[in-house]
Amino acid sequence: MHPDCERILVSEEEIAARVKEAGRWLTEKFRGTFPVAVCNLKGSSVFFSDLLRATQVDVEMDFMAVSSYGAQTISAGQPKVTRDLFSSVAGRDVILVEDIVDTGRTLVTLRRFFADRGAKSVTVVALLDKPSRRVVDSQADYTCFEVEDAFIVGYGLDYAERYRNLPYIAELKRSVYEK
Ligand code: 5GP
């Protein structure tokens, strides 16, 4: 384990098994369609690439970014779209791939964003959910793991741009960010 981590919350093996299940769920749900899978950068990038290789659906990949944290561990106000999609989603089924649903504000913002762009449907697949932190009523359609209120890194999730490449999901030591 990385020395800055307190403990591993989800192991590499547990992630792989659950991602397979999520991929199968997408295969059933979107059989015979051609949805756009949207990666919310950067935190969802590792999950996104594993998830899409675990599904048999033909998907278009697209990418966008929403600001929320900066180099902090607490969500800072209203999320903003900072990088737009490459393609139009008008009339398309959208699969939004999220790293973690925390306050729920990002999800509310993104559901509104896709509705404004004329998406036919929006299905949210989230790697993690911290239900105890919810501020607005918003939920993913498929969640891989529920986690307690801790600051999490690994498998795409960062603190100040570090730890995204850890293959597991871990709690970061408080001493790392409470300096
Ligand atoms: P929300 O808008 O739901 O409060 O926040 C969602 C975003 O906050 C996530 O997409 C993620 O980037 C960030 N976030 C929330 N909790 C954590 C966490 O424990 N660790 C990290 N690295 N990012 C988090």
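Just so it is clear, the model here is predicted, and its values are computed rather than measured. Read the numbers this way: they start at 1 and go in the same order the structure lists the ligands and their atoms.
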message: So is Lys130 touching ligand 1 or not, going by heavy atoms under 4.0 Å?
response: yes

query: Which residue from Leu128, Asp129, Asp99 reaches closest to atom 10 (O) of ligand 1 through any of its heavy atoms?
result: Asp99

- request: Under 4.0 Å from a heavy atom of Glu98: give me the atoms of ligand 1 that qualify, with their elements.
  value: 10 (O)

Heavy-atom check, side chain of Phe145 versus side chain of Ile100, under 4.5 Å: no

query: Can we say Glu161 and Lys42 salt-bridge, meaning some charged N sits less than 4.0 Å from an Asp/Glu carboxylate O?
result: yes

Min N/O separation Gly104 to ligand 1 under 3.5 Å: yes

message: For Asp158, state whether at least one heavy atom is located under 4.0 Å from any atom of ligand 1.
response: yes

statement: With heavy atoms and a 4.0 Å threshold, my read on which part of Arg133 contacts ligand 1 is neither

Donor-acceptor contacts under 3.5 Å from residues 111-122 side chains, at least two apart:
unit_1, atom_1, unit_2, atom_2, d
Arg111, NH2, Gln139, O, 2.8
Arg111, NH2, Asp141, OD2, 3.3
Arg117, NH1, Asp84, OD1, 3.0
Arg117, NH1, Asp84, OD2, 3.4
Arg117, NH2, Asp84, OD2, 2.7
Ser121, OG, Asp93, OD1, 2.6

query: Any non-hydrogen atom of Phe151 lying under 4.0 Å from ligand 1?
result: yes

message: How long is the straight-line distance from SG of Cys39 back to CG of Asp62, given to the nearest 0.5 Å?
response: 9.5 Å

query: Taking only heavy atoms of Arg105, which atoms of ligand 1 are found under 4.0 Å from at least one of them?
result: 2 (O), 3 (O)

message: Just so I know, are the side chains of Asp158 and Arg164 near enough to count as touching, which here means a heavy-atom distance under 4.5 Å?
response: yes

message: With a 4.5 Å cut-off on side-chain heavy-atom distances among I, L, V, M, F, W and Y, is there a chain of contacts connecting Tyr142 to Leu52?
response: yes

Please tabulate, for side-chain N and O atoms in residues 148-156, each donor-acceptor pair with protein atoms closer than 3.5 Å (sequence neighbours left out).
unit_1, atom_1, unit_2, atom_2, d
Glu148, OE2, Arg7, NH2, 2.9
Tyr155, OH, Asp50, OD2, 2.7

message: With side chain to side chain contact (heavy atoms under 4.5 Å, CB included) as the test, pick out the partner of Phe30 among Thr55, Val59, Asp58, Thr123.
response: Thr123

query: Can you list the ligand 1 atoms lying under 4.0 Å from a non-hydrogen atom of Ala150?
result: 19 (O)

message: For ligand 1 and Ile152, I'd like to know whether there is a polar contact (N/O to N/O, distance under 3.5 Å).
response: yes

query: By number and element, which atoms of ligand 1 are closer than 4.0 Å to a non-hydrogen atom of Thr106?
result: 1 (P), 2 (O), 5 (O), 6 (C)

